[in-house]
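This report concerns only the one structure given below.
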Amino acid sequence: MASSSSKFVFLMCFMISAFGNAIAAKFDQEFDITWGDGRAKILNNGDLLTLSLDKISGSGFQSKNEYLFGKIDMQLKLVPGNSAGTVTAYYLSSQGPTHDEIDFEFLGNLSGDPYTLHTNVFSQGKGNREQQFHLWFDPTADFHTYSITWNPQRIIFYVDGTPIREYKNSESMGVSYPKNQPMRIYSSLWNADDWATRGGLVKTDWSQAPFSASYRNFNANACITSSPSSCSSNSATSTRSSWLNEELDNTSQERLKWVHKNYMVYNYCTDSKRFPQGFPADCLRNN
């Protein structure tokens, strides 16, 4: 059961009209480095953040604010070269055993092989909604924008403005949906060579360490739960309502189909071996 405070913020978000940053936020103002013993660094007067991983430790950071619905943009440049065994995670999450979570995870590769972009949605502690993709560019050569739109109706994952996944609210079918628990933004670079690359067959080559990923141009057009004024109905503009009611138009639907046809490499809603008794109910709306 959601707390009264989270219910209040949830209702307030339906009244949102205007809030958001027109320019990229400063990392030192928006995030705290949470672990890594100096392996995470904020540089260039707050405009750049880097994470690194060596054999001793990875590193990570989290947002100072919690959000309940919004559009989150971040530009990432991933670990280059032989990054097999490494994972760069960028996600929204609440806390606790019944947490909600919206995931981007970038699974490292052998040099020359494509990264695998792993996505997942958790609600009330239940995930198992994985879709995986390869990308149509080299994500290590330059920065690219990875975005999450989260509103009461749907979650949309974007890469450089192209939708790669839409997860619709299926509460009418008895499936819980993340809508009551505020979430922070988290990111980390860590070693997962027990599963990340080809199911753990390819291990991390520590001679390539330290591994490094870079971040810039963070923007959150979102409801900040600690600041009710961010959810006020004053100064109404279309900017706020555009994400609160965002859905994919015909052109975006065609782009989504293009990604799924050419770049999807795993979809839980087609994995009959995993679900021999029948696919999860939300697959009826999300496949």
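Keep in mind that this is a model prediction, so the values were computed, not measured.
- Judged by distance alone, with hydrogens and angles left aside, the side-chain atoms of Ser214 form no donor-acceptor pair with the main-chain N or O of Lys77 at under 3.5 Å.
- Residues Phe106 and Tyr115 place their aromatic rings such that the two centres sit no closer than 6.0 Å.
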Steps toward side-chain hydrogen bond (donor to acceptor under 3.5 Å, both in side chains) verdict (Asn65, Ser63): CA-CA 5 Å; Asn65 293 316; Ser63 63; over 6 Å; no
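- Judged by distance alone, with hydrogens and angles left aside, the side-chain atoms of Ser83 form a donor-acceptor pair with the main-chain N or O of Asn109 at under 3.5 Å.
- Looking at His134, its side chain never comes within 3.5 Å of a backbone N or O of Leu117 through a donor-acceptor pair.
- Distance alone, capped at 3.5 Å, is enough to place a donor-acceptor pair between the Tyr177 side chain and the Arg154 backbone.
- Scanning all heavy atoms of the two residues, the minimum distance from Arg274 to Glu130 falls at NH1-OE1, 2.7 Å.
- Not one N or O on the side chain of Asn44 forms a donor-acceptor pair closer than 3.5 Å with the backbone of Gly46.
- Aromatic ring orientation, Phe137 versus Tyr146: tilted (interplanar angle from 30° to 60°).
- By the 4.0 Å N-to-carboxylate-O rule, Asp32 lies close enough to Lys64 to be salt-bridged with it.
- Classification of Glu254 and Lys261 as a salt-bridged pair fails, no side-chain N sitting under 4.0 Å from a carboxylate O.
- In terms of modelled atom types and a separation under 3.5 Å, the side chain of Asn219 and the main chain of Asp73 share no donor-acceptor contact.
- Residues Phe61 and Tyr215 bring their aromatic ring centres within 6.0 Å.
- Between the side chains of Tyr67 and Asn221, no donor-acceptor pair of N or O atoms lies under 3.5 Å.
- Side chain of Asp100 to main chain of Gln124: a donor-acceptor pair is present (N/O by atom type, distance under 3.5 Å, no hydrogens or angles).
- The closest donor-acceptor contact from the side chain of Ser52 to the backbone of Arg39 lies under 3.5 Å.
- Here the two rings, on Phe133 and His118, have centers that are 6.0 Å apart or farther.
- As a member of the Ile/Leu/Val/Met/Phe/Trp/Tyr network built from side-chain separations under 4.5 Å, Tyr91 groups with Tyr186.
- Side-chain contact annotation: Gln62 with Thr34, donor-acceptor N/O pair under 3.5 Å absent.
- Judged as a ring-ring contact (aromatic ring centres under 6.0 Å, His included), and not counting sequence neighbours, Phe275 has no contacts.
- Partners of Asn191 by side-chain contact (heavy atoms from CB on, under 4.5 Å), not counting sequence neighbours, listed by chain and number: Leu53, Asp193, Thr204, Trp206.
- Looking at Asp54, its side chain does come within 3.5 Å of a backbone N or O of Ser57 through a donor-acceptor pair.
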Check against ring-ring contact (aromatic ring centres under 6.0 Å, His included), Phe31 and Phe218: CA-CA 10 Å; Phe31 293 93; Phe218 165 73; 4.8 Å; yes
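- Environment of CG in Asp249: crowded, with over 12 heavy atoms of neighbouring residues, nucleotides or ligands closer than 6.0 Å.
- Residues that satisfy the ring-ring contact (aromatic ring centres under 6.0 Å, His included) test with Tyr158, not counting sequence neighbours, are absent from this structure.
- Under the 4.5 angstrom side-chain criterion for Ile, Leu, Val, Met, Phe, Trp and Tyr, the cluster partners of Leu107 are Trp35, Val87, Trp190, Trp195.
- Residues passing the ring-ring contact (aromatic ring centres under 6.0 Å, His included) test with Tyr90 are Phe104, sequence neighbours excluded.
- Side-chain atoms of Ser111 come within 3.5 Å of backbone atoms of Asn82 as a donor-acceptor pair (strictly under, hydrogens ignored).
- Judged by the 6.0 Å distance and 45° axis criteria, Arg216 is positioned over the aromatic ring of Phe143.
- A donor atom on one side chain and an acceptor atom on the other are not found under 3.5 Å apart for Arg285 and Ser170.
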